[in-house]
Amino acid sequence: MHPLIVALALVTAAPATATATATARTAEPDPMAGLRSLLVRGAGATAEFYGQVSTDLSKEVRLSNGRRTSIGSGIGLRGTGKVKLGRAGVLASEHTRQLSVSNKELMVEEAPKDPYFAGVLGTVGTLRTISVGGWQYQLAPQAKTWVRTGRASGAAAAYGDQFVNVLEPATLRKLLATKTRKSVAPWTTDHTTGRKQRIYTLTGTIKLKELYRVSPSFREAAGSAALGNSEVTWTYMYDDRGWPYRVGWRFYAHPRPEVPGLGHDRILRAHLATQYRNWDKPMTITAPQAKPGRGLAVDDLADVLSAPARRK
């Protein structure tokens, strides 16, 4: 080809290429389509999570200066995990959780008359849980060997602390239909993966009984709990590909209108967020060597929902 023709062709193609790139960068991603693409190819991701819980346990103490003040007992959660998807949702999950209790002596005092708080104390430290192949496995704090605790879905390990499973099509569809706010962030670089991305954020509220209706993983976690009118505020963030980036929920008990604390007022405030990364990398989750046995009585936040009535 003549040099002048080649030069003209390059000049003509450049704006078209730039326009196509700009269009790809500004096109609105479809979070449902993004999730479906991940489900179809059986993608997986790494996860990080963190949360905080305020209980109703409190007492008045005298400070060194003679003044009196009230102290309360709370629960802190943080950890890492993995999820592996199949065509219908989460095929397998892995959860490594570190749990701490502030003003632990208050919970120790309550434990003899409250099996829920006694159970929470049993999870202080590092708890590992794996759900794969239709079974759940648990390595309790201080334990040396894994226990196969019983039948469970692939989502069970990851969706007991995290109530809102956006990797279920029905749950995500419900959130998208009931969102109350949406925002779009500027293009940034993820400090962990180095990927340039744009994050879209949706927020809304959902009653726990409605979440129970649409979410198989929440039904599994909550069991036969009576959920009343309790609701959580949720936040869902997805990237410019429509892929899940972060999901979180918050709960507040308040008197007007009356919203009791979770688990017969045991939990007055709580929040938990899960961050997903590395959707484009291979992911495998395998069952550990384990013996059949009983799992911990309390091993995730959802257990408070089915906790027995408190003794007077």
Side-chain angles (χ1 to χ4, degrees), residues 49-61 68-78 99-104 106-107 109-111 113-117 119-121 159-166 171 174-183 201-215 217-219 221-237 246-274 298 300-312:
F49 61 93
Y50 52 89
Q52 200 73 34
V53 174
S54 296
T55 74
D56 74 333
L57 301 179
S58 64
K59 74 175 181 181
E60 194 174 78
V61 297
R68 302 189 71 84
T69 188
S70 180
I71 62 171
S73 184
I75 301 168
L77 301 167
R78 61 183 176 85
L99 182 142
S100 60
V101 175
S102 62
N103 295 317
K104 188 177 177 181
L106 300 184
M107 199 171 290
E109 291 172 7
E110 188 73 9
K113 59 182 179 181
D114 193 322
Y116 172 75
F117 286 123
V120 171
L121 290 172
Y159 295 96
D161 291 328
Q162 178 53 264
F163 294 177
V164 183
N165 184 357
V166 293
T171 302
K174 179 66 176 179
L175 299 184
L176 296 177
T178 57
K179 68 181 184 296
T180 56
R181 184 180 176 189
K182 178 179 180 179
S183 62
T201 301
L202 309 178
T203 58
T205 59
I206 187 169
K207 290 186 181 297
L208 291 182
K209 62 184 178 183
E210 185 65 17
L211 184 62
Y212 189 95
R213 188 182 70 80
V214 299
S215 171
S217 61
F218 186 62
R219 286 197 297 273
S224 59
L227 301 174
N229 288 320
S230 297
E231 64 182 19
V232 294
T233 299
W234 56 266
T235 300
Y236 177 48
M237 303 168 72
R246 183 182 300 161
V247 61
W249 61 267
R250 288 180 176 272
F251 168 81
Y252 296 96
H254 48 82
R256 298 178 185 173
E258 184 179 0
V259 175
L262 300 178
H264 303 278
D265 277 332
R266 289 177 174 91
I267 291 179
L268 302 180
R269 294 181 300 279
H271 68 86
L272 190 122
T274 304
V298 176
D300 56 43
L301 291 180
D303 284 329
V304 75
L305 301 174
S306 55
R310 307 178 78 168
R311 299 175 191 169
K312 301 295 184 181

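In what follows, residues are counted from 1 in the order of the sequence shown.
- Residues that satisfy the side chain to side chain donor-acceptor pair (under 3.5 Å) test with D303, not counting sequence neighbours, are absent from this structure.
- Interatomic distance, CD1 of I267 versus OH of Y116, reported as 4.0 Å (0.5 Å rounding).
- Nearest heavy-atom pair, L57 versus L106, reported as atom, atom and distance to 0.1 Å: O-CD1, 3.8 Å.
- The minimum heavy-atom distance between W234 and T205, with the atom names listed, is NE1-N, 3.5 Å.
- Between Q52 atom CD and S100 atom OG the span is 7.0 Å, to the nearest 0.5 Å.
- In this structure, the side chain of R266 does not engage the main chain of G261 through any donor-acceptor pair within 3.5 Å.
- Across every non-hydrogen atom of A225 and L305, the tightest pair is CB-O, 3.1 Å.
- Looking only at distances, no side-chain donor or acceptor of D161 sits under 3.5 Å from a matching main-chain atom of D300.
- Q162 places a side-chain N or O within 3.5 Å of a backbone atom of V247 that can act as its donor or acceptor partner.
- Residue A222 comes nearest to A302 through the heavy atom pair N-CB, 4.5 Å, listed as atom of the first residue, atom of the second, then distance.
- At least one donor-acceptor pair closer than 3.5 Å links the side chain of Y212 to the backbone N or O of G223.
- The CG atom of L272 sits 10.5 Å away from the CZ atom of R250 when rounded to the nearest 0.5 Å.
- K104 NZ: 12 or fewer foreign heavy atoms inside a 6.0 Å radius.
- At a threshold of 4.5 Å between non-hydrogen side-chain atoms, the residues V259 and F251 count as touching.
- Side-chain atoms of T55 do not come within 3.5 Å of backbone N or O of G74 as any donor-acceptor pair.
- Side-chain contact between D114 and M107: absent, with no pair of heavy atoms (C-beta onward) separated by less than 4.5 Å.
- The side-chain contact (heavy atoms from CB on, under 4.5 Å) test with S217 singles out one residue from N165, T171, V164, and that residue is N165.
- Of all the heavy atoms in L211 and F163, the pair that sits closest is CD2-O, 3.7 Å.
- When each of I75, V304, L99 is checked for a side-chain contact (heavy atoms from CB on, under 4.5 Å) with V53, only I75 meets the rule.
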For K59 and E110: C-alpha separation, side-chain torsions, deciding distance, then whether salt bridge (charged side-chain N to carboxylate O under 4.0 Å, His left out) applies. CA-CA 12 Å; K59 74 175 181 181; E110 188 73 9; over 6 Å; no

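- The environment of CZ in R219 is crowded: more than 12 heavy-atom neighbours from other residues, nucleotides or ligands sit within 6.0 Å.
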side-chain contact (heavy atoms from CB on, under 4.5 Å) between I206 and T178: does it pass, once the steps are laid out? CA-CA 8 Å; I206 187 169; T178 57; 5.5 Å; no

One pair to check against side-chain contact (heavy atoms from CB on, under 4.5 Å): V166 and L175. What are the steps and the verdict? CA-CA 8 Å; V166 293; L175 299 184; 3.8 Å; yes

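- To the nearest 0.5 Å, atoms CG (L301) and NE2 (H271) are separated by 11.0 Å.
- For S73 against N103, the heavy-atom pair with the smallest separation is OG-O, 3.6 Å.
- Within the 4.5 Å cutoff, the side chain of T201 has heavy atoms near those of the T235 side chain.
- Residues L208 and F218 have side chains in contact (heavy-atom distance under 4.5 Å, counting atoms from C-beta outward).
- Residues passing the salt bridge (Lys or Arg N to Asp or Glu O under 4.0 Å) test with R181: none are found, sequence neighbours excluded.
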